[in-house]
S.K.: 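Sharing a structure with you now.
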Amino acid sequence: MLVLSEDLHSSLYFVNASLQEVVFASTTGTLVPCPAAAVPPATLRWYLATGEESYNVPGIRHVHLNGTLQIFHFPPSSFSKVIHDNTYYCTAENPSGKIRSQDVHIKAILREPYTVRVADQTAMRGSVAVFKCIIPSSVENYITVVSWERDTSSVNDK
């Protein structure tokens, strides 16, 4: 979206409006820039999808003067769905007007130990057994099963 006022020296637009999701590790945190550009410079703000302004929470979330939303690293015990798994948007405002970005879903992935295991199965000798790999739901979207092994031999080799 491009907004031009009658003064050709004033403009307000998004330079990269394609960002729709930011996934980050809880051990690293993230920086999300508001993709607006403006002449004269715009006031940039971040909001939750509910319309509530995204306020600064010391050591947890900060909106920088340049419009970058920062979510700091955190231990799994400090996870907050409102902050770490929510939809945000930014606005830019100057004398040309006010524009709103697309929604950006920001999601933290908790970095904590997990175990992948095989579900117990019972089968009679000579019949077919189907095994299922059990992956914790917190990481299942980020794990891909690439092979099955028994001891140190690949099951696919036989």
S.K.: Can you see which heavy atom on A38 is nearest to which on N94, and at what distance?
M.R.: CB-ND2, 3.4 Å
S.K.: Should V22 and I71 count as side-chain neighbours, where that means a heavy-atom distance under 4.5 Å?
M.R.: no
S.K.: R61: what forms a salt bridge (Lys or Arg N to Asp or Glu O under 4.0 Å) with it, not counting sequence neighbours?
M.R.: none
S.K.: Restricting to side chain to side chain contact (heavy atoms under 4.5 Å, CB included), what partner residues turn up for I109, sequence neighbours left out?
M.R.: V23, K107, Y142
S.K.: Any non-hydrogen side-chain atom of V104 less than 4.5 Å from a side-chain atom of L69?
M.R.: no
S.K.: Once ring-ring contact (aromatic ring centres under 6.0 Å, His included) is applied, do any residues pair with Y88, and if so which ones, sequence neighbours excluded?
M.R.: none
S.K.: Would L19 end up clustered with L12 when hydrophobic side chains under 4.5 Å apart are linked, directly or stepwise?
M.R.: no
S.K.: Under the side chain to side chain contact (heavy atoms under 4.5 Å, CB included) test, which residues partner A37, sequence neighbours left out?
M.R.: Y13, V15
S.K.: Between S54 and V63, which heavy-atom pair has the shortest distance, and what is it?
M.R.: O-CG2, 3.6 Å
S.K.: Looking at side-chain heavy atoms only, is the closest gap between H105 and D85 below 4.5 Å?
M.R.: yes
S.K.: Rounded to the nearest 0.5 Å, how far apart are OG1 of T28 and CZ of F72?
M.R.: 12.5 Å
S.K.: Between atom CZ of R45 and atom CD of E53, what is the distance when rounded to the nearest 0.5 Å?
M.R.: 5.5 Å
S.K.: Can you measure from CD1 (I60) to OH (Y55) and round to the nearest 0.5 angstrom?
M.R.: 9.0 Å
S.K.: So if you build clusters from Ile, Leu, Val, Met, Phe, Trp, Tyr with side-chain heavy-atom gaps below 4.5 Å, do V82 and V32 land together?
M.R.: yes
S.K.: Test of understanding: with ring-ring contact (aromatic ring centres under 6.0 Å, His included), list the residues that count as partners of F24, not counting sequence neighbours.
M.R.: none
S.K.: So T91 and E93, do their side chains get closer than 4.5 Å, heavy atoms only?
M.R.: no
S.K.: Any non-hydrogen side-chain atom of I83 less than 4.5 Å from a side-chain atom of F74?
M.R.: no
S.K.: Do you know the tightest heavy-atom contact between W148 and V118?
M.R.: CZ3-CG2, 3.4 Å
S.K.: Mind checking side chain to side chain donor-acceptor pair (under 3.5 Å) for K132 and listing every partner two or more places apart, or none if nothing turns up?
M.R.: none
S.K.: Who clusters with Y47? Use side-chain heavy atoms, under 4.5 angstrom, across I, L, V, M, F, W and Y, and order the result by chain and number.
M.R.: Y89
S.K.: By the side chain to side chain donor-acceptor pair (under 3.5 Å) test, which pairs, at least two apart or in different chains, include something from residues 64-76?
M.R.: H64-Q70, N66-T68
S.K.: Taking only residues two or more places apart in sequence or in another chain, which ones pass side chain to side chain donor-acceptor pair (under 3.5 Å) with S78?
M.R.: none
S.K.: Identify the two heavy atoms, one from C133 and one from V145, that lie closest to each other, and give their separation to 0.1 Å.
M.R.: SG-CG2, 3.8 Å
S.K.: Determine whether N86 and I106 make a side-chain contact, defined as any pair of heavy atoms from C-beta on separated by less than 4.5 Å.
M.R.: no
S.K.: Would you mind reporting whether P35 and C90 have side-chain heavy atoms less than 4.5 Å apart?
M.R.: yes
S.K.: Could I get the full list of side chain to side chain donor-acceptor pair (under 3.5 Å) partners for D103, not counting sequence neighbours?
M.R.: R100
S.K.: Within a strict 4.5 Å, meaning less than it, do heavy atoms of the P40 and P95 side chains meet?
M.R.: yes
S.K.: Identify the heavy atoms of A36 and L44 that sit nearest to each other, and give their distance.
M.R.: CB-CD2, 3.8 Å
S.K.: Going by the rule ring-ring contact (aromatic ring centres under 6.0 Å, His included), which residues pair with F79 if we only count those two or more places apart in sequence or in a different chain?
M.R.: H84
S.K.: Where is the tightest heavy-atom contact between F14 and S101, given as atom of each residue plus distance?
M.R.: CZ-N, 3.2 Å
S.K.: By salt bridge (Lys or Arg N to Asp or Glu O under 4.0 Å), which residues pair with E21, not counting sequence neighbours?
M.R.: none
S.K.: Can you measure from CD1 (I135) to OG1 (T115) and round to the nearest 0.5 angstrom?
M.R.: 12.0 Å
S.K.: Between atom CD of Q102 and atom OG1 of T87, what is the distance when rounded to the nearest 0.5 Å?
M.R.: 12.0 Å
